[in-house]
Amino acid sequence: MAYRWKNDLTQADATPKAQYMNRRQILAGTAGLGAIGLVGGAQAQSGLEPNTLEEITSYNNFFEFGTGKSDPVNNAHQMVTSPWTITVDGLVDRPGTYALGDLLTGLTVEDRIYRFRCVEAWSMVIPWNGIELADILGKVGAQSGARYVAFETVVQPENMIGVQRRVLDFPYVEGLRIDEAMHPLTIMATGIYGEPLANQNGAPIRLVVPWKYGFKSIKSIVRITLTDQEPPNTWAGINAREYGFYSNVNPNVDHPRWSQASERRIGGGLFAARQDTLMFNGYDEVASMYEGMDLSVFY
Ligand code: MTE
């Protein structure tokens with residue numbers, strides 16, 4: 001597959017944690033998944049270092065646990081992540097409620113070092129471990145009539161202070177067009193730095209779509225629905241003028257309340273210069289999916 005290793009950051013960029021090189025491994029809860037792929041064939045982007053695990057796990061958005069950046073690290077330990085099932089339904093040959101391990105058995109966990117750009121104009125570089133969503137959709141048998149994929153996050157009111165306070169309309173939902181879902185850059189992450197995902201990052205499994213604003217990367221997924229209709233997504237439902245369905249990273253289209261031309265790298269320090277935001281967050285290989293769309297307007 002042409003894009004399979006098309007990361008532009010290399011393994012060598014992702015080793016502030018020395019033990020990581022020694023510990024690339026099958027993740028807990030998904031034992032027996034087969035070999036982990038290596039990030040290869042990549043040009044390193046100079047000056048771009050991955051964030052530390054500490055940064056990645058302590059500055060989060062996960063509104064089920066509150067609206068502050070440190071609410072998830074403080075509250076998400078209350079979420080129960082085992083056992084975990086994912087219901088797969090809609091236009092699919094093998095619908096059902098799968099134990100997570102069963103759904104992922106036989107699929108390959110790969111290392112993917114991706115830029116991550118939040119719509120709020122902060123960013124990180126995160127060394128994910130995950131499975132291509134296309135592999136999962138292939139396993140359950142996505143039907144030819146499926147044009148979109150819808151995702152839903154778990155709701156555990158007793159464990160989720162943000163759900164109790166109704167800070168959003170839960171469950172958190174998201175969606176992708178089928179070609180976006182099938183794109184080899186799109187993964188379902190199960191780990192970071194070779195460790196199982198922390199609850200605040202969306203344990204035990206979350207979507208990662210690196211060329212889109214971070215809110216598309218829905219956490220702690222319990223339902224995947226193949227559909228012929230564009231599914232709703234939580235933030236567009238809250239404010240369709242500010243948050244779209246596509247929400248591809250685009251430095252030329254500002255958010256109504258702030259510029260998207262540059263971003264603040266988390267961990268860069270108080271006085272670090274902002275860095276330029278890249279079209280499609282630097283993942284130019286996705287551009288062909290949007291041919292014919294006017295990229296100077298908001299979607
Ligand atoms: N998924 C759920 N279920 N709830 C959320 O509040 N926040 C989104 C996204 N996925 C969110 C979610 C937003 S706005 C961002 S920027 C990313 O998760 C943050 O991911 P991170 O905390 O792992 O960096």
Side-chain angles (χ1 to χ4, degrees), residues 50-79 81 84 86 112-130 150-157 159-163 165-176 186-193 195-224 231-239 242-244 247-249 255 258 260 263-267 277 281:
N51 285 84
T52 64
L53 189 59
E54 166 72 17
E55 288 159 353
I56 296 166
T57 56
S58 61
Y59 186 95
N60 300 99
N61 277 334
F62 201 164
F63 283 77
E64 286 82 343
F65 297 103
T67 53
K69 292 289 179 278
S70 52
D71 287 339
V73 65
N74 291 330
N75 299 327
H77 62 275
Q78 293 177 8
M79 179 167 60
T81 61
W84 194 267
I86 298 187
R112 298 291 178 91
I113 304 159
Y114 286 159
R115 279 181 291 275
F116 188 84
R117 170 61 157 82
C118 179
V119 73
E120 298 165 332
W122 54 264
S123 67
M124 297 200 199
V125 174
I126 304 182
W128 303 102
N129 318 108
F151 304 87
E152 193 178 302
T153 293
V154 72
V155 180
Q156 296 176 3
N159 302 329
M160 295 175 152
I161 184 99
V163 171
R165 293 181 183 158
R166 298 171 191 238
V167 302
L168 298 177
D169 195 10
F170 297 106
Y172 193 100
V173 291
E174 259 304 338
L176 294 174
T186 302
I187 60 167
M188 293 282 272
T190 53
I192 294 172
Y193 274 119
E195 310 275 356
L197 276 187
N199 283 7
Q200 59 268 31
N201 291 111
I205 187 161
R206 59 92 60 87
L207 185 67
V208 178
V209 194
W211 70 95
K212 292 179 179 283
Y213 291 121
F215 68 82
K216 298 292 295 181
S217 292
I218 179 174
K219 295 178 171 181
S220 304
I221 292 167
V222 290
R223 183 183 293 271
I224 300 175
N233 61 312
T234 290
W235 283 102
I238 291 167
N239 190 336
E242 299 193 353
Y243 309 101
S247 291
N248 295 321
V249 175
H255 186 279
W258 58 83
Q260 294 292 26
E263 61 202 52
R264 177 175 63 95
R265 233 339 259 293
I266 299 302
T277 290
N281 208 19

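By convention here, the first residue in the shown sequence is residue 1. Ligands are counted one by one from 1 in listed order, and the atoms in each one are counted from 1 as well.
Distance from atom 6 (O) of ligand 1 to its nearest protein heavy atom, with residue and atom name: F63 N, 2.7 Å. Scanning the protein for heavy atoms near atom 4 (N) of ligand 1, the closest one is E64 OE1, 2.8 Å. Considering only non-hydrogen protein atoms, atom 7 (N) of ligand 1 sits nearest to N61 O, 3.4 Å.
Note: an N/O pair closer than 3.5 Å links K219 and ligand 1 by distance alone. Between N201 and ligand 1, a contact under 3.5 Å exists for at least one N or O pair. Remark: ligand 1 and W128 share no N or O pair separated by less than 3.5 Å (distance only, no angle test).
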*asked:* Under the criterion side chain to side chain donor-acceptor pair (under 3.5 Å), I'd like the reasoning laid out for N61 against K69: C-alpha separation, chi angles, the key distance, then a yes or no.
replied: CA-CA 6 Å; N61 277 334; K69 292 289 179 278; 2.8 Å; yes
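Contact annotation for T153 and ligand 1: only side-chain heavy atoms (C-beta onward) come within less than 4.0 Å of the ligand. Using a 4.0 Å cut-off between heavy atoms, P72 makes no contact with ligand 1 at all. Only the side chain of F116 comes within contact range of ligand 1, with a heavy atom under 4.0 Å; no backbone atom does.
With a 6.0 Å radius and a threshold of 12 heavy atoms from other residues, nucleotides or ligands, N74 has its CG atom above the threshold. The environment of E54 atom CD is sparse: at most 12 non-hydrogen atoms of other residues, nucleotides or ligands sit within 6.0 angstrom.
Judged by distance alone, with hydrogens and angles left aside, the side-chain atoms of W258 form a donor-acceptor pair with the main-chain N or O of V119 at under 3.5 Å.
Ring planes of F65 and F62: perpendicular class, angle over 60° (limits at 30 and 60°).
Residue-ligand proximity: R206 is placed with a non-hydrogen atom under 4.0 Å from ligand 1. In this structure, G202 falls outside the shell of residues with a heavy atom less than 4.0 angstrom from ligand 1.
Partners of Q260 by side chain to side chain donor-acceptor pair (under 3.5 Å), not counting sequence neighbours, listed by chain and number: R117.
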